Every structure is written in C-alpha cells, then in structure tokens.
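Since the structure is predicted, the reported quantities are computational estimates derived from the model, not experimental observations. Just follow the structure's listing: the first ligand is 1, and inside any ligand the first atom is 1. The figures that follow rest on heavy atoms only: side chains count, while hydrogens, waters and symmetry mates do not.
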Amino acid sequence: MRISFSKTHPASRSGRVRVRFFSKEDTDRIRRSLKKADTDPFSQAVRGKHFKGEYKNVLVLFGAAGGETLVAAGLGEHKDFTVHRLRNASAAVCRRLKKLKAPRAAVELYLSEGASEDDCVSALLEGLLLGDYVFERKSKKNGSPALQVTLSGVRASRARTLLDEAKSVCGGVRLARELVNENADVMTPERMAREARRVAKHHGFPARVFDEKKLKAMGCRLHLAVGRGAANPPRLAVLEYKKGGRGAKTLAMVGKGITFDSGGLNVKPTGHMEDMRLDMAGAAAVLGAMEAIAALKLKVNVVGVMACAENAVGSRAYKPGDILVSYSGKTVEVLNTDAEGRLVLADALAYTEKTYRPDYLIDLATLTGAALIATGTHYAPLLTRDDDFRDRIQQAARETDDRVWPLPMDCHYLDEMKSDVADVRNMGRNRHSGTIRGAVFLHHFVCNTPWAHLDIAGTAWSWSPGNHDFVLRYATGYGVRLLTRLAQIIS
Ligand code: BES
Ligand code: ZN
Ligand code: ZN
C-alpha cells in the first residue's frame with residue numbers, strides 16, 4: 001500500500017473511490033438538513049440509504065454523482081468515540097477497498113474533540129496498514145493491485161513523520177503475524193532463532209542463540225525435556241537492545257515459543273490440535289516488539305527472550321510422571337506433557353532474571369485453554385503481584401487497545417501447584433482456575449523482580465473471521481503494540 005497526503009480534500013473524479021468516516025450524529029445532521037441544498041455526494045448517499053453511522057458498518061455506493069464510488073464508514077455515537085474505534089473502522093475500510101479491488105482511494109481525515117489530530121492521523125494510518133494484511137495461500141492469487149491511498153485534510157510534513165512511526169509499529173505486528181501463520185514445519189525453533197538473528201543484525205544490536213548443547217550446559221532441563229521428542233531441536237534466542245542510556249530502566253520480555261503443540265505423549269484430541277502452530281505467538285510478539293522498538297529507534301533498554309521448542313509425540317519424548325530439575329534448581333513433577341509452555345518459560349524466566357537483573361520482567365504465552373474460557377478473545381488475562389507494574393501494563397493496554405484484564409494471584413492460590421514429591425507440579429489437582437494456576441507455576445521461578453504474566457491464548461488468534469478488529473483470521477499480532485508502548489512507559 002502506498003500512502004500520500006494532501007491538505008485539501010480532492011475534487012470529485014470519475015472512477016475514484018472516496019472514503020469518509022461518520023459518527024451517528026454526523027448522519028443525523030445530514031438527514032435533518034434535508035431541505036437545504038446540499039450537493040455533497042456523501043449527503044445524498046447517506047440520505048438515500050439506511051446508513052446511520054453505526055460502528056463497524058461500512059456502506060459502499062457505486063456510481064454516485066461524478067461517477068465516484070463512495071465508501072462511508074461508521075464510528076458509532078459521538079460519546080463512544082475513541083481513536084481505537086477509528087483505527088478499527090479504518091482497517092474495515094482497508095479490507096473493503098481491497099475487496100473492491102480499487103487501485104486508488106481518497107480518504108478524508110476524521111477529527112473528534114476527544115482526541116488530538118496526531119492521534120487521529122496515527123490511528124487512521126495504523127488501521128490501513130494493519131487491515132492491509134491477509135493470510136491466504138490460494139494457488140490462484142486474487143490479483144488485486146497494490147492500493148494507493150491519499151489521506152486528505154492533513155499537513156503532509158507532520159503526517160509523513162506519523163506514517164513512518166505507524167509503519168515501524170505495524171511492521172512489527174506484521175512480522176509477528178507472519179511467523180505465527182507460517183506452517184510449523186517451516187517455522188521451527190531453529191528458524192525462529194534465525195529470524196531473531198536477522199532482526200538483530202538488521203538493526204545492529206546483539207542476539208544470542210542457545211542450541212541443545214548450550215542449553216544442556218546451562219542446565220535448562222525443562223526446556224530440553226519439552227523439545228526432546230521432536231526432530232526439530234529446541235532453541236533459546238536472546239536479543240539485547242540497549243539504547244536507553246545510563247539510568248534508564250530495563251524491561252525484559254519473555255515469549256513462549258512452542259512452534260507446534262501436539263500435547264506430547266498426552267496428545268491433544270482432534271479439534272484441539274489444528275491451530276497449535278499458534279503456540280509460539282508469545283515469542284513472535286516479543287520479536288515483533290523488538291523489531292518495532294528498533295525501527296522506532298526508541299531510547300529504551302529491552303531484552304527479548306524467545307523460548308522455542310516443538311512439543312512432539314516421539315520415542316524420545318518426555319513422559320508424564322517424569323521429575324525434572326529446572327535451571328533454577330527447583331524440581332518439577334510433570335503430570336501432563338501438554339502443560340509444556342510453563343516448563344520452557346520457567347527456565348527462560350529464571351535465566352533472564354539471573355542474567356540480566358531487569359527492573360521489570362513480563363512474559364507472553366498462549367499458556368492455557370482456560371484463558372479462552374475466562375476472557376474469550378478480546379482481553380488477555382493479566383497476572384501479577386506487583387501493583388506498580390500492573391498499572392503500567394494497564395496503561396499500555398489502554399493506549400494501544402491490546403486489552404488486558406487482571407486475574408487474582410494472591411496468597412490463596414500460591415500453594416496450589418505444590419507437589420508431594422517435587423517442589424512443584426505442572427498441572428493442578430482439578431480443573432479449577434487453570435489460567436491462575438499456570439501463572440502460579442511460573443511464580444515459583446521468579447525470585448524478586450517485578451514480574452507479570454499475560455496469557456494470550458485467546459487474543460493471539462482470530463478463531464473466526466470477523467471476530468477480531470483488524471485482522472480477518474488466524475494470527476492477530478496481539479502484544480506487539482502493547483510491549484512497544486510498555487517499553488516507552490517504563491524507560
Ligand atoms: N498451548 C496450550 C494452550 C492453548 C489452548 C493455547 C488453546 C491456545 C488455545 C497449552 O500448552 C496447553 O495445552 N495447556 C493445557 C494445560 C493443562 C494440561 C494443565 C490446557 O490449557 O488444557
Ligand atoms: Zn500444551
Ligand atoms: Zn502450549
């Protein structure tokens with residue numbers, strides 16, 4: 001997609017697509033002024049159709065006066081306006097334009113008293129860029145041309161800066177989506193590590209990759225156990241971006257990178273395995289955020305850690321009943337090989353805390369199916385015992401619309417993962433509070449750093465078309481924008 005800018009709204013031109021956003025009140029006003037002469041083609045269109053500016057509604061009108069195609073996009077009631085709505089409506093517009101196979105479109109900037117002009121421009125641009133991504137592997141390409149958009153009503157010099165920023169952020173989201181959507185046979189732990197190296201090299205910061213030999217020497221036995229049944233060996237990738245200067249705080253972000261989760265010997269049943277290439281979405285979000293942070297040249301200190309392994313069924317696979325010694329020295333009773341994410345994360349979190357002594361430590365993981373039961377696909381459960389860190393994460397979530405919702409993890413829960421024979425068990429004694437217990441397990445492996453866990457099992461993936469705001473299906477790229485913002489808030 002190519003995006004250019006103009007201060008004035010362009011004159012009507014036959015064959016062009018023109019886009020305008022409407023609040024409900026905007027459409028009411030047009031209807032009320034029925035008697036006055038109003039030659040604006042959009043006014044005619046809005047009058048003639050039952051388009052009331054409802055949020056998520058997009059009206060297309062072919063052959064308006066002057067031979068233009070008009071696209072009217074609803075934002076809902078004025079009191080409900082947020083830049084997030086504008087971003088989502090803009091993504092919906094982008095998808096519709098692609099469907100129309102329009103080569104060119106003129107989009108008018110929408111402003112609202114509730115938000116600054118910069119924020120509106122950014123939201124609109126991000127919507128276009130995020131909505132432009134589709135995952136499709138049809139043998140016959142649909143052949144739609146690259147879209148050229150002119151955004152009108154903006155100062156070009158300022159808008160170009162905002163476009164550069166939007167491209168940096170959305171580039172990170174796109175990367176995360178592509179990594180997750182790719183077949184698990186291609187996006188192996190090794191390949192994930194290679195992607196990490198590529199991003200680091202491109203932006204000129206160091207990356208370290210640990211293979212099985214190194215993981216063994218380090219004592220990451222949980223991580224190794226999870227990866228042992230697979231032909232594709234495990235990897236731990238660590239990226240260090242230190243541009244914050246002295247005094248700046250360090251945020252370490254750790255991602256679950258299970259490139260395919262078959263469940264292991266506790267194999268998943270049909271109906272529960274088909275989407276399990278999504279199980280590295282945490283690691284993908286971490287890499288996407290590193291990419292965005294570096295492209296934006298943020299003056300922050302971040303460490304990105306991707307704990308990658310394939311959880312396979314095989315003759316060498318780790319077994320239910322195994323008792324393992326973790327990197328931290330704590331022992332773990334494996335009761336279910338399908339609770340593997342917490343195992344790789346336990347080693348990665350302990351390693352990261354010990355090696356980098358970060359000021360804040362966050363992990364993102366598609367950890368439990370119970371997260372989908374708790375908050376569905378719109379909010380990611382947030383678990384932390386640190387009030388200050390929770391506030392900052394919630395602020396980043398509010399500002400990006402990568403939504404989070406806190407779940408409790410107080411003293412009542414902390415004993416629930418204790419094992420009779422080992423220090424901890426990797427699965428609860430019954431099905432209660434599965435998401436909290438996943439976090440409680442991880443809690444045993446972080447000593448005293450402010451730490452938070454985000455369970456992105458529901459938000460990383462669009463399970464049905466239209467369910468998610470700016471992606472049609474599969475990988476959403478959830479977490480990239482949240483982490484990028486969090487790095488700024490913390491520094
Ligand atoms: N990767 C899954 C969690 C998951 C489920 C992610 C659905 C996305 C959608 C995870 O490794 C898993 O299998 N967790 C188990 C844990 C249980 C065995 C304690 C679960 O949620 O059932
Ligand atoms: Zn699993
Ligand atoms: Zn998993």
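- Which of I258, D279, T459 comes nearest to atom 1 (N) of ligand 1 through a heavy atom is settled by distance: it is D279.
- Residue-ligand proximity, E340 to ligand 1, at heavy-atom distances under 4.0 Å covers atoms 11 (O).
- Using a non-hydrogen distance threshold of 4.0 Å, H272 does not register as a contact of ligand 1.
- Not close to ligand 1: R437, with no non-hydrogen atom less than 4.0 angstrom away.
- Atom 21 (O) of ligand 1 has as its closest protein heavy atom G369 N, 2.8 Å.
- Shortest contact from atom 15 (C) of ligand 1 to any protein heavy atom: D338 O, 4.0 Å.
- Among all non-hydrogen protein atoms, the one lying nearest atom 14 (N) of ligand 1 is L367 O, 3.4 Å.
- Under the 4.0 angstrom criterion for non-hydrogen atoms, F441 is not in contact with ligand 1.
- The name of the N, O or S atom in D261 nearest to the Zn ion (ligand 2) is OD2.
- Because the distance cut-off is set at 2.8 Å, D338 fails to qualify as a neighbour of the Zn ion (ligand 3), as none of its N, O or S atoms comes that close.
- Ligand 1 does not have N311 within reach: every non-hydrogen atom of the residue lies 4.0 Å or more from it.
- Contacts between R425 and ligand 1 below 4.0 angstrom, taking non-hydrogen atoms only, are absent altogether.
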